[in-house]
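Predicted, not measured: the structure shown is a model, and the values here were computed from it. Chain naming here is simple, since letters A, B, ... match the order of the sequence lines and numbering starts at 1 in each.
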Amino acid sequence: MRAETKCASEILLPVTDYDLAATLDSGQVFRWRPDGGGWVGVIGRNRVRLTQEREGILAQSDVPVEQWDWLRTFLQTDVELERILGTFPGDDPMNRAVAACRGLRVLRQEPWECLASFILSATKQIVQIRQIVSRLCEGFGDRLAAEPQKSSIANDLLYSFPAAERIAGLTEADLRNCRMGFRAPNLLAAARQIAAGTLELERLRGLPYGEAQAELMTLRGVGAKIADCVLLFAYGFDSAFPVDVWVERALRTLYFPRRRVSEKHLRRFAATHFGPHAGYAQQYLFHFVRTKPRKDEN
DNA sequence: GACCAGGACCATT
DNA sequence: AATGGTCATGGT
């Protein structure tokens, strides 16, 4: 039993139908880790512990917090999940995915951290993305105003995610030291464009989905999939439907078993079949196939 | 010690 | 429009 973290401020966000663990561990975010029955992570410049309670989500900070709107936004606790699930197609694969992932949510992240993280995600397993992001934050993030106590909390969670302006001043070698390989020049170029104002991430909020996606795809290393992740996870474009290797496998095996379907046909299906909150549906399918127990176990 | 990962991009067919 | 190679790294 570890000693309880000294807590200067806490709040209970009342919410039902919310699976905190599934949500924080479903490949949307990369800085959250289970700790003492809850989860510890960093949002902006706040290190927070989140715990699933019967009445909702308990949030604890070790520094005083006057208002918690940033946390409500991040967790999207005001979203009525049932209303969204009601827009999903009523087919068997979707029903199975929803049944298996009750309470899974789509978070609302800060755009730069989300963009940078998913630039680093290309052909990396989620565990490795976490490692790269950890090194990046510990190496170049700002020290947070958190008490330097010994705990099981990893060191990198004592730092903010480095701003674009900070990364823009680094060298490619600095970034390669974080073991991000060929993604280093892509992240560096993106950071420099954001820092220089060539691309304004805040401006994307007001654009139609297609235009916002095209803007992001002007960045080297950002294709349709990574752009869709950012549009869905940071901007709330619920129609964005990122298709990675897992989702493609899910679509093929669940909807087109033993049938050869072209890439284009699959893409058209994904864009039309899942309704106005297709991005949520995608997250359910993703988490469903990734957590489904293999048949050679148990 | 292969195999593969929340891809993108470029060169061939 | 569809394949194939390449990029860097390390978990499983």
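- Residue contacts shown for A:Gln131 are limited to sugar-phosphate atoms, with no base heavy atom under 4.0 Å away.
- With rounding to whole Å, A:Phe30 atom CZ is found 16 Å from C:dG11 atom C1'.
- Using a 4.0 Å heavy-atom criterion, one finds that A:Gly27 contacts the bases of the nucleic acid, with or without backbone contacts as well.
- With a 6.0 Å radius and a threshold of 12 heavy atoms from other residues, nucleotides or ligands, A:Arg268 has its CZ atom at or below the threshold.
- Atom CZ of A:Phe118 and atom P of B:dA8 are 11 Å apart (whole Å).
- Across residues 175-189 of chain A, A:Arg176, A:Arg179, A:Gly181, A:Phe182, A:Arg183 each have a non-hydrogen atom less than 4.0 Å from an atom of DNA chain C (numbered order).
- Residue order along DNA chain C, read from the 5' end via each residue's closest nucleotide, puts A:Ala122 first among A:Ala122 and A:Val127.
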(request) I would like to know whether A:Asp69 and A:Arg72 meet salt bridge (Lys or Arg N to Asp or Glu O under 4.0 Å); could you show each step before the answer? (result) CA-CA 5 Å; A:Asp69 288 348; A:Arg72 275 185 263 268; 3.7 Å; yes
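- When Watson-Crick and G-U wobble pairs are counted only if both distances are under 3.5 Å, B:dT13 pairs with C:dA1.
- Residues A:Met217 and A:Gln125 both approach DNA chain B. Their nearest nucleotides, taken by heavy-atom distance, put A:Gln125 toward the 5′ side.
- Here, B:dG1 and C:dG11 have their C1' atoms 13 Å apart, quoted to the whole Å.
- One can place NZ of A:Lys225 at 3 Å from C1' of B:dG6, the figure rounded to the nearest angstrom.
- Comparing the C1' positions of B:dA5 and C:dC7 gives an interatomic distance of 14 Å, to the nearest angstrom.
- As rounded to the nearest Å, B:dC4 and C:dG4 have P atoms that lie 15 Å from one another.
- The pairing partner recorded for C:dC7 is B:dG7, the criterion being a Watson-Crick or G-U wobble arrangement whose two distances lie under 3.5 angstrom.
- The side chain of A:Gln28 approaches B:dG6 more closely than any other nucleotide in the set C:dA2, B:dG7, B:dG6.
- Judged by distance alone, with hydrogens and angles left aside, the side-chain atoms of A:Gln109 form a donor-acceptor pair with the main-chain N or O of A:Gln28 at under 3.5 Å.
- Within a 6.0 Å radius of CD in A:Gln67, other residues, nucleotides and ligands contribute more than 12 heavy atoms.
- Nucleic acid contact class of A:Arg249 (heavy atoms, under 4.0 Å, all strands): sugar-phosphate only.
- Between A:Trp246 atom CH2 and B:dG6 atom P there is a gap of 7 Å when expressed in whole angstrom units.
- Remark: P of C:dT9 and CD1 of A:Ile132 are 9 Å apart, rounded to the nearest angstrom.
- A donor-acceptor pair is defined here as one N or O able to donate and one able to accept, closer than 3.5 Å; such a pair exists between the side chain of A:Arg105 and the backbone of A:Asp17.
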(request) Go through the steps to decide whether A:Phe30 and A:Phe118 satisfy the test ring pair (Phe, Tyr, Trp, His ring centres under 6.0 Å), and finish with yes or no. (result) CA-CA 10 Å; A:Phe30 305 101; A:Phe118 278 96; 5.3 Å; yes
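- Using a cut-off of 4.0 Å between Lys/Arg side-chain N and Asp/Glu carboxylate O, A:Glu82 and A:Arg102 are scored as salt-bridged.
- Residues from residues 266-290 of chain A lying near DNA chain B, meaning a heavy-atom separation below 4.0 Å, are A:Gln282, A:Gln283, A:Phe286 in numerical order.
- Rounded to whole Å, the C1' atom of C:dA8 lies 15 Å from the corresponding atom of B:dC3.
- Contacts of A:Ile119 with the nucleic acid, taken as non-hydrogen atoms under 4.0 Å apart, are absent.
- Among A:Leu187, A:Asn177, A:Leu188, the single residue meeting the side chain to side chain contact (heavy atoms under 4.5 Å, CB included) criterion with A:Glu172 is A:Leu188.
- As judged by a 4.0 angstrom heavy-atom cut-off over every strand, A:Val247 is placed among the base-contacting residues.
- Residue contacts shown for A:Ser117 are absent, as no nucleic acid heavy atom lies under 4.0 Å away.
- Here the side chain of A:Arg31 pairs a donor or acceptor atom with the backbone of A:Asp156 at under 3.5 angstrom.
- Annotation: proximity of residues 232-240 of chain A to DNA chain B (heavy atom, distance under 4.0 Å) is found for A:Phe233, numbered in ascending order.
- If you check B:dA2 for Watson-Crick or wobble pairing at under 3.5 angstrom, you find it paired to C:dT12.
- The CD atom of A:Gln128 sits 6 Å away from the P atom of C:dG11 (whole-angstrom rounding).
- As judged by a 4.0 angstrom heavy-atom cut-off over every strand, A:Thr123 is placed among the base-contacting residues.
- Rounded to an integer number of Å, the gap from A:Leu216 CG to B:dG6 C1' is 16 Å.
- A donor-acceptor contact shorter than 3.5 Å is absent between the side chain of A:Arg33 and the backbone of A:Val40.
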(request) Take A:Arg135 and A:Arg179, measure what side-chain contact (heavy atoms from CB on, under 4.5 Å) needs, and give me the verdict at the end. (result) CA-CA 8 Å; A:Arg135 294 185 198 105; A:Arg179 317 313 297 159; 3.5 Å; yes
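- Checked by atom type and distance alone, the side chain of A:Asp228 never pairs as donor or acceptor with a backbone atom of A:Lys225 at under 3.5 Å.
- Counting only distance, with no hydrogens or angles, the side chain of A:Glu80 and the backbone of A:Arg83 share no donor-acceptor pair below 3.5 Å.
- Between the A:Arg49 side chain and the A:Gly38 main chain, no donor and acceptor come within less than 3.5 Å of each other.
- A:His265 places its NE2 atom 12 Å from the P atom of C:dA2, with the value rounded to the nearest Å.
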